[in-house]
Amino acid sequence: MDAATITTPTVLILLGPPGAGKGTQARMLEEKFGLLQLSTGDLLRAAVAAGTEAGKAAKAVMEAGDLVSDEIVIAILRDRMAEPDCAKGVILDGFPRTTVQAEALDELLAENNQKISAAISLEVEDAEMVIRISGRYTCAMCGEGYHDRFKTPAVEGKCDNCGSTEFKRRADDNAETVASRLTAYHAQTAPLITYYDGHGVLKRTNAMGKIEDIARDLEEIAGNAMS
Ligand code: AMP
């Protein structure tokens, strides 16, 4: 691996199945602690939209709900982490998703004398995830997340955060793709819970409750990991 220069005092990992609330919670932690949320899903969707080589290779895989190749995802993440805005610390949302990715991250951080502050596992039941994913949408302008049942804008049709009236739903948030994404999670990503436990950085949190309660737990865990 090329030596990318990175200086990230805090590296928090959010582990959890699709729909566990990683993106929502990462945004809240970002605001609270001044860290940067890095979502490989967002980076890949941007690559697909821009029509880059990586995006072209990833598009069909993402639509099927499978995992994009380690090679592509690691390259995208490594390049992004070398950018200056990561120096304030990062929250990794959706990365790593395989043991190969976890080892590549360890290697990248070690090259730069950095280490993982905490890997937080958001624990939820599969049935709950299907409900959460099928109702979610985001503001097309600022990315604020909403849900048909759990979090609607205060003024109908208007984003609480930026006032935009444009919203969007992800192409892969449909019943068939969700099933594949859950299968991929259990087969390839869940083993990372044991991996990080073995490295002494695992923290677990019950992510079945209210967004604000989960956020409070995560703030405590993140605060302790950063002190
Ligand atoms: P997410 O936005 O995290 O739910 O990711 C959406 C999709 O992007 C996933 O279903 C995968 O197809 C792909 N993806 C995102 N992150 C990764 C990753 N770390 N490794 C492999 N595929 C990924």
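For ligands, and for the atoms within them, numbers begin at 1 and follow the listed sequence. Numbers here simply count residues along the sequence, with the first being 1. Owing to the predicted nature of the structure, the values given are computational and were not obtained by experimental measurement.
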**Request:** Start with the C-alpha distance between D93 and Q37, add both sets of side-chain angles, then the distance that settles side-chain hydrogen bond (donor to acceptor under 3.5 Å, both in side chains), and finish with yes or no.
**Result:** CA-CA 7 Å; D93 156 12; Q37 173 191 13; 2.8 Å; yes

**Request:** Measure the distance from atom 22 (N) of ligand 1 to every protein heavy atom, then report the residue, atom name and distance (to 0.1 Å) of the closest one.
**Result:** V68 N, 3.1 Å

**Request:** Inspect the surroundings of CD in E103 and state if more than 12 heavy atoms from other residues, nucleotides or ligands are less than 6.0 Å away.
**Result:** yes

**Message:** Salt bridge or not between D42 and R45? Use side-chain N to carboxylate O under 4.0 Å.
**Reply:** yes

**Item:** Atoms of ligand 1 close to R45 [distance to a heavy atom under 4.0 angstrom, numbered from 1]
**Value:** 2 (O), 6 (C)

**Prompt:** Is it true that K22 lies under 4.0 Å from ligand 1, counting heavy atoms only?
**Reply:** no

**Request:** For ligand 1, note which part of M62 has a heavy atom under 4.0 Å away: side chain, backbone, both or neither.
**Result:** both

**Request:** Measure D172 to ligand 1 on non-hydrogen atoms and call it side chain, backbone, both or neither using the 4.0 Å cut-off.
**Result:** side chain

**Message:** So, regarding T40 and ligand 1 (criterion: nitrogen or oxygen to nitrogen or oxygen, under 3.5 Å), is there a contact or not?
**Reply:** yes

**Residues D148 and R132 bridged, charged N to O under 4.0 Å** = no

**Prompt:** Looking only at protein heavy atoms, which one is nearest to atom 20 (N) of ligand 1, and how far off is it?
**Reply:** Q101 NE2, 2.9 Å

**Prompt:** Does the pair S69 and E71 meet the rule for a side-chain hydrogen bond (donor to acceptor under 3.5 Å, both in side chains), with working shown?
**Reply:** CA-CA 5 Å; S69 77; E71 196 188 354; 4.9 Å; no

**Request:** Working to the nearest 0.5 Å, report the span between NE2 of H147 and CD1 of I133.
**Result:** 9.0 Å

**Message:** I want to confirm something. Looking only at heavy atoms, which of R97, Q188, R170 is nearest to atom 9 (C) of ligand 1?
**Reply:** R97

**Prompt:** Taking NZ, NE, NH1 and NH2 as the nitrogens, is one of them in D173 or R181 under 4.0 Å from a carboxylate oxygen of the other?
**Reply:** yes

**Asked** What's the shortest distance from atom 11 (C) of ligand 1 to any protein heavy atom, and which residue and atom give it?
**Response** D66 O, 3.4 Å

**Asked** Does L67 reach ligand 1 with a nitrogen or oxygen that is under 3.5 Å from one of the ligand's nitrogen or oxygen atoms?
**Response** no

**Fill in**
Under 4.0 Å between heavy atoms, the region of L44 that gets near ligand 1 turns out to be side chain

**Complete:** Logged contact type for V73 with ligand 1, heavy-atom cut-off 4.0 Å, is side chain

**Request:** Indicate yes or no: does R27 engage E31 in a salt bridge with an N to O separation below 4.0 Å.
**Result:** no

